[in-house]
Amino acid sequence: MMRNYRIAIIGQGYVGLPLALEFANYYPVLGFDINSERIIQLNEGVDITLEADADKLALGLKKYTESTGEIGYRATADINEILDCNIFIVTVPTPIDKYNAPDLGPLISASKMLGGIIKKGDIIIYESTVFPGCTEEECVPVLEKSSRLIFNKDFFVGYSPERINPGDKVNTLTSVKKVTSGSTEQVAEEVDSLYKKIIAAGTHKAPSIKVAEASKAIENAQRDVNISFVNELALIFDRVGIDTHDVLEAAGTKYNFLKYKPGLVGGHCISVDPYYLAHKAEQLGYHPDVILSGRRVNDSIAKFIASKVVKLLISKGGIIKNSKALILGVTFKENCPDVRNTKVLDIYSELVDYGIDVDIFDPWASWEEVKHEYGVEMLDHLDETQKYDSIIIAVSHNEFLEMDIQKFRKENTVVFDTKACLDRNLVDARL
């Protein structure tokens with residue numbers, strides 16, 4: 001079993017950076033990323049994702065410098081600097097394309113890159129979310145072709161699905177049990193032992209890589225289906241004329257009722273992973289009705305919110321075209337700068353289609369990132385002299401909970417609370 005680990009972590013985002021800093025307490029770790037600006041920031045001790053502990057980042061950098069690379073952390077965009085590593089952990093994004101099909105581009109590119117540098121005895125561990133079979137059926141052939149090495153003879157692979165929850169400072173990397181696996185029994189044990197070094201909550205060694213891959217896919221597919229159920233209830237109860245949260249509070253008095261809440265389902269996991277599982281099912285000739293129906297319901301919520309706001313405006317005698325709307329929040333969850341796959345922009349697009357002039361404000365999100373990713377310009381501050389015909393609370397950031405919404409209202413302003421986070425007397429409707 002290998003002992004003198006030199007670890008390279010490919011991808012220094014929400015998953016890769018926290019992982020790198022934990023391993024850096026015990027081993028020399030190089031965080032590789034193709035974003036050179038990100039690398040400069042990290043080596044200066046700055047993490048714009050706010051996911052890493054600033055003190056841990058500073059300590060990791062200091063250790064690496066003082067030990068001349070024998071322990072600690074450093075970021076790099078130079079592939080030549082990771083040539084001597086013997087453990088490569090891949091944490092690149094695995095998004096979906098516009099047709100909701102898995103986009104394996106970043107994963108395949110990372111595999112091809114690693115195939116050009118791996119050596120005999122090296123282990124490549126994937127953490128990126130994939131469908132069952134992807135590691136061995138898609139990534140391994142790329143590694144073999146690029147390296148001209150033989151799988152499970154010259155090099156080995158493992159899979160340990162990430163469980164990072166952006167913005168969550170309670171359920172952190174080390175406090176959540178980690179699933180591990182390997183391409184041989186011995187490698188599975190080695191991968192498991194490696195992660196046990198940093199995961200205080202312990203590990204669960206899966207019997208195969210496919211089982212580990214599937215476990216990640218169903219974690220989020222399960223949540224997606226459960227949320228889709230309460231979202232469908234919200235659509236029904238809106239027609240009935242009762243408040244969904246009142247119903248959930250009443251039903252929640254039963255000991256075995258699961259109190260999921262309705263809402264926008266975006267982000268990098270819940271709204272993406274089910275499509276990976278569905279993709280594999282359809283490859284095998286099975287149409288996953290429950291999974292895909294849940295996706296359809298959840299993807300319809302933004303449109304429902306926009307149309308509800310318009311209906312409320314009309315009921316108050318408002319004119320829709322050229323009215324002013326304010327959306328508060330654009331990240332996919334509260335108190336977090338992550339805008340990946342946010343569904344708030346779907347509300348924005350729907351309102352714009354109605355001819356409404358829409359402003360978005362979010363103190364957590366990067367103005368540049370939202371502009372680059374979605375082509376939408378946010379406000380950099382709120383002007384208290386500007387009054388709006390409609391206000392939509394899309395994300396329950398702490399700043400919005402403390403805000404005086406009344407300052408931005410006209411006499412007949414519609415206020416829609418998607419998170420049910422405000423005093424219900426201040427809003428016209430909530431999801």
Side-chain angles (χ1 to χ4, degrees), residues 2 6-13 15-16 19-20 30-35 76-97 99 101-162 179-184 186-188 190-191 194 206 208-217 268 272-273 275-284:
M2 209 181 298
R6 298 188 65 84
I7 301 174
I9 298 187
I10 313 304
Q12 289 298 280
V15 175
L19 187 68
L30 287 169
F32 179 88
D33 201 288
I34 59 175
N35 185 337
T76 182
D78 184 355
I79 193 172
N80 293 312
E81 293 192 17
I82 64 173
L83 294 177
D84 292 335
C85 293
N86 45 34
I87 298 285
F88 299 89
I89 304 179
V90 180
T91 65
V92 298
T94 44
I96 51 177
D97 63 20
Y99 303 109
D103 177 5
L104 299 179
L107 193 67
I108 298 303
S109 293
S111 299
K112 186 175 182 180
M113 179 193 77
L114 290 176
I117 64 172
I118 57 173
K119 310 167 296 301
K120 287 189 175 183
D122 288 353
I123 300 176
I124 301 91
I125 304 169
Y126 291 89
E127 288 214 3
S128 304
T129 301
V130 293
F131 51 81
C134 181
T135 300
E136 292 156 297
E137 295 165 12
E138 302 288 344
C139 300
V140 166
V142 173
L143 290 170
E144 283 192 308
K145 183 178 180 180
S146 299
S147 67
R148 297 185 179 180
L149 298 175
I150 300 173
F151 175 51
N152 278 343
K153 178 184 177 184
D154 300 323
F155 73 92
F156 307 88
V157 300
Y159 185 81
S160 180
E162 61 90 3
V179 175
T180 66
S181 63
S183 55
T184 69
Q186 182 179 353
V187 169
E190 185 168 355
V191 170
L194 178 66
S208 70
I209 287 176
K210 284 184 181 178
V211 168
E213 292 168 326
S215 74
K216 172 60 176 177
H268 67 299
V272 173
D273 297 0
Y275 286 120
Y276 275 75
L277 190 56
H279 172 80
K280 185 63 177 180
E282 290 178 331
Q283 273 189 338
L284 299 172

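Side-chain contact check for Met113 versus Ile10: some heavy-atom pair is nearer than 4.5 Å. Within the 4.5 Å cutoff, the side chain of Ser146 has no heavy atoms near those of the Ser111 side chain. Counting only heavy atoms from C-beta outward, the side chains of Asp122 and Asn86 approach each other to under 4.5 Å. Residues Glu144 and Phe155 are in side-chain contact: their nearest non-hydrogen atoms beyond the backbone lie under 4.5 Å apart. With a 4.5 Å cut-off on side-chain heavy atoms, Tyr276 and Ile96 count as touching. Looking only at side-chain heavy atoms (C-beta outward), Cys139 and Leu107 come within less than 4.5 Å of each other. Using a 4.5 Å heavy-atom threshold, the side chains of Tyr126 and Val140 count as separate. A heavy-atom distance below 4.5 Å is not found between the side chains of Val272 and Pro102.
Residues Ile117 and Leu83 share a closest heavy-atom pair of CG2-CD2, 3.4 Å. The two atoms that bring Asp33 and Gly13 nearest to each other are OD2-N, 4.4 Å, heavy atoms only. Residue Ala110 comes nearest to Val92 through the heavy atom pair CB-CG1, 4.1 Å, listed as atom of the first residue, atom of the second, then distance. Contact between Asp97 and Asp103 at its shortest, heavy atoms only, is N-CB, 4.3 Å. Taking both residues in full, the closest heavy atoms of Ala206 and Val211 are given as CB-CG1, 4.0 Å, listed atom of the first, atom of the second, then distance.
Atom CD of residue Glu136 and atom OH of residue Tyr159 lie 11.5 Å apart, to the nearest 0.5 angstrom. Here the straight-line distance linking atom CG of Leu143 with atom CG of Leu114 works out to 6.5 Å at 0.5 Å rounding. Of the inter-residue distances, the one linking Leu194 atom CG with Thr180 atom OG1 reads 9.5 Å to the nearest 0.5 angstrom. Between Ile125 atom CD1 and Ile89 atom CD1 the span is 4.5 Å, to the nearest 0.5 Å. The line from CG of Leu284 to NE2 of His279 is 9.5 Å long, rounded to the nearest 0.5 Å. Taken to the nearest 0.5 Å, the CG atom of Leu19 stands 7.0 Å off from the OG1 atom of Thr91.
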* **Stepwise salt bridge (charged side-chain N to carboxylate O under 4.0 Å, His left out) test for Lys280 and Glu213** => CA-CA 11 Å; Lys280 185 63 177 180; Glu213 292 168 326; over 6 Å; no

* Could you walk me through whether Ile209 and Ser183 pass the side-chain contact (heavy atoms from CB on, under 4.5 Å) check? -> CA-CA 7 Å; Ile209 287 176; Ser183 55; 4.1 Å; yes

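For the pair Ser215 (side chain) and Ala212 (backbone), a donor-acceptor distance under 3.5 Å is present. Of the possible donor and acceptor atoms, one in the side chain of Lys119 sits under 3.5 Å from a partner among the backbone N and O of Cys85. Between the side chain of Lys216 and the backbone N or O of Glu162, at least one donor-acceptor pair lies under 3.5 Å. Judged by distance alone, the side chain of Ser160 and the main-chain N or O of Val179 form a donor-acceptor pair under 3.5 Å.
Taking a 6.0 Å sphere around CD1 of Ile79, one finds it holds more than 12 heavy atoms contributed by other residues, nucleotides or ligands. In this structure, Lys145 places its NZ atom where only 12 or fewer heavy-atom neighbours from other residues, nucleotides or ligands lie under 6.0 Å away.
Residues meeting the side chain to side chain contact (heavy atoms under 4.5 Å, CB included) test with Thr184, sequence neighbours left out: Asn152, Phe156, Gln186, Val187.
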